[in-house]
Amino acid sequence: QKESFDAFLVDRNTAAAAGLDSIRYMREVAPHMAGLLVDDSDIGAAETFALTAGFDDCISLRTASGNLHERLQRCITCRRLKTELWRNRSERRILAVDDDVDSVLPAISLVLKRAGYHVVCATSGQQALKLLRESGVHVVLSDHMMPEMSGTELIAAVRRYDPSILSVIITGYPSLEVAVDALRQGASNFVVKPLAQKELLQVIDRAWTEWALGRGSWRWVQPARRQALSVLLVESEADLAGSLHTMLNAVDNVQVTWVR
């Protein structure tokens, strides 16, 4: 029934217990659905978890009652719009991530723009994940060694958000261990510093071609736009689920299916 829902809602404890691979599986079987994390505690920690786990937004039960429908509609609309953008293969969009803002990142951006790519730049993994939600991106090019979040950790988070996005790792310390770790997390390739323009373009062109011919084009046709929003509620804690279910049922034009 993956085509019948606009969004899925999961409480934080259930998501943590199920594991990040379960969230990635949800993305693989239903990439058109918006994913929202529900929490009734520290919203700051919940937002951090939601960002790295691949959710579109995080909702706090303490503050969501007044704008729940608006939040749902915004997330669902953004997911639909980005899906339509990803289908437009005439604009090749690359997210470049590197904490060296003085030389490496500007150089990468210049080379790729000259080759006809639309480049979005980020200086950290967290910023990259936020930009990923704001822009339709086909390929992520990320440095391996970065503070707070490494390139391989970023790739894993990207795959949980959308498995069709291709990722390439940049490393200044080439080794079998780095290569195996990057491929295990879902990287399609890696390039070695200092970056050679020809090699960089070959790797990015190959990743873009793979996206265009295969994984990026693998998407279900969007269901017709409906006036009522259809939401799949996945909960394990009865009290938390009951409260959210009551809130959702009180909102006009929202149809709820509760999986307990």
Side-chain angles (χ1 to χ4, degrees), residues 31 51 54 56 78-174 178-179 182-183 185-219:
L51 192 64
D56 293 278
C78 286
R79 172 63 64 166
R80 286 175 177 170
L81 288 174
K82 282 183 285 189
T83 300
E84 293 300 323
L85 179 58
W86 281 321
R87 283 177 177 158
N88 179 10
R89 300 179 187 177
S90 63
E91 187 174 41
R92 304 180 298 173
R93 300 178 67 87
I94 309 295
L95 174 59
V97 190
D98 199 302
D99 58 337
D100 186 344
V101 298
D102 295 323
S103 58
V104 176
L105 194 59
I108 291 174
S109 178
L110 181 61
V111 168
L112 294 179
K113 285 180 179 179
R114 285 178 173 175
Y117 288 97
H118 178 93
V119 184
V120 180
C121 295
T123 58
S124 69
Q126 291 289 341
Q127 184 187 17
L129 291 174
K130 292 179 180 178
L131 289 173
L132 196 65
R133 285 153 174 77
E134 299 170 1
S135 306
V137 173
H138 307 121
V139 178
V140 172
L141 173 66
S142 175
D143 188 24
H144 175 60
M145 296 293 292
M146 295 187 296
E148 298 183 6
M149 179 182 291
S150 69
T152 50
E153 290 173 332
L154 172 60
I155 285 176
V158 169
R159 281 188 55 78
R160 287 190 291 270
Y161 180 71
D162 190 317
S164 74
I165 298 175
L166 275 293
S167 298
V168 176
I169 281 289
I170 305 170
T171 178
Y173 306 94
V178 171
L183 294 174
Q185 295 299 337
S188 62
N189 210 331
F190 66 95
V191 290
V192 178
K193 292 180 180 179
L195 298 175
Q197 178 174 330
K198 183 177 180 180
E199 180 187 5
L200 175 62
L201 288 177
Q202 286 176 341
V203 170
I204 295 300
D205 286 343
R206 191 178 302 122
W208 158 253
T209 302
E210 182 181 346
W211 183 92
L213 294 179
R215 293 163 64 182
S217 60
W218 171 63
R219 293 194 172 275

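Keep in mind that the numbers below use all heavy atoms, side chains included, and drop hydrogens, waters and symmetry copies.
Taking the side chain as every heavy atom from C-beta outward, L129 and M149 approach each other to under 4.5 Å. Residues V140 and I155 have side chains not in contact (no heavy-atom distance under 4.5 Å, counting atoms from C-beta outward). Side-chain contact between L95 and R93 is absent, with no heavy-atom pair separated by less than 4.5 Å. Looking at heavy atoms from C-beta onward, L200 lies in side-chain contact with L141 at the 4.5 angstrom threshold. You'll find the side chain of V111 stays beyond 4.5 Å of the side chain of L195, heavy atoms only.
Taking NE2 from H144 and CD1 from I170, the interatomic distance works out to 12.0 Å, rounded to the nearest 0.5 Å. We find the OG-CD1 distance between S142 and I169 to be 5.0 Å, quoted to the nearest 0.5 Å. Y161 OH to R133 CZ: the interatomic distance, rounded to the nearest 0.5 Å, is 5.5 Å. To the nearest 0.5 angstrom, S135 atom OG is 14.0 Å from K130 atom NZ. Summarising the geometry, atom CD1 belonging to I108 is positioned 8.0 Å from atom SG belonging to C121; distances are rounded to the nearest 0.5 Å. In this structure, CH2 in W208 is found 7.0 Å from CZ in R92, a value given to the nearest 0.5 Å.
Looking at residues two or more places apart in sequence or on another chain, you find a side chain to side chain contact (heavy atoms under 4.5 Å, CB included) between A207 and V139, L166, V168, S188. Partners of A115 under the side chain to side chain contact (heavy atoms under 4.5 Å, CB included) rule, at least two apart in sequence or in another chain, are Y117, L201. For K113, there are no salt bridge (charged side-chain N to carboxylate O under 4.0 Å, His left out) partners, not counting sequence neighbours. By the side chain to side chain contact (heavy atoms under 4.5 Å, CB included) test, D100 is found to be paired with D98, D102, S103, V104, residues two or more places apart in sequence or in another chain being considered. For the side chain to side chain contact (heavy atoms under 4.5 Å, CB included) test, residues two or more places apart in sequence or in another chain that qualify with Q127 are A122, T123, S124, L131.
For Q197, the CD atom counts as loosely surrounded, since its 6.0 Å shell holds 12 or fewer non-hydrogen atoms of other residues, nucleotides or ligands.
Within the structure, the salt bridge (charged side-chain N to carboxylate O under 4.0 Å, His left out) test picks out the following pairs touching residues 140-155 (sequence neighbours left out): D143-K193.
Of all heavy-atom pairs spanning R206 and N189, the tightest one is NH1-ND2, 3.1 Å.
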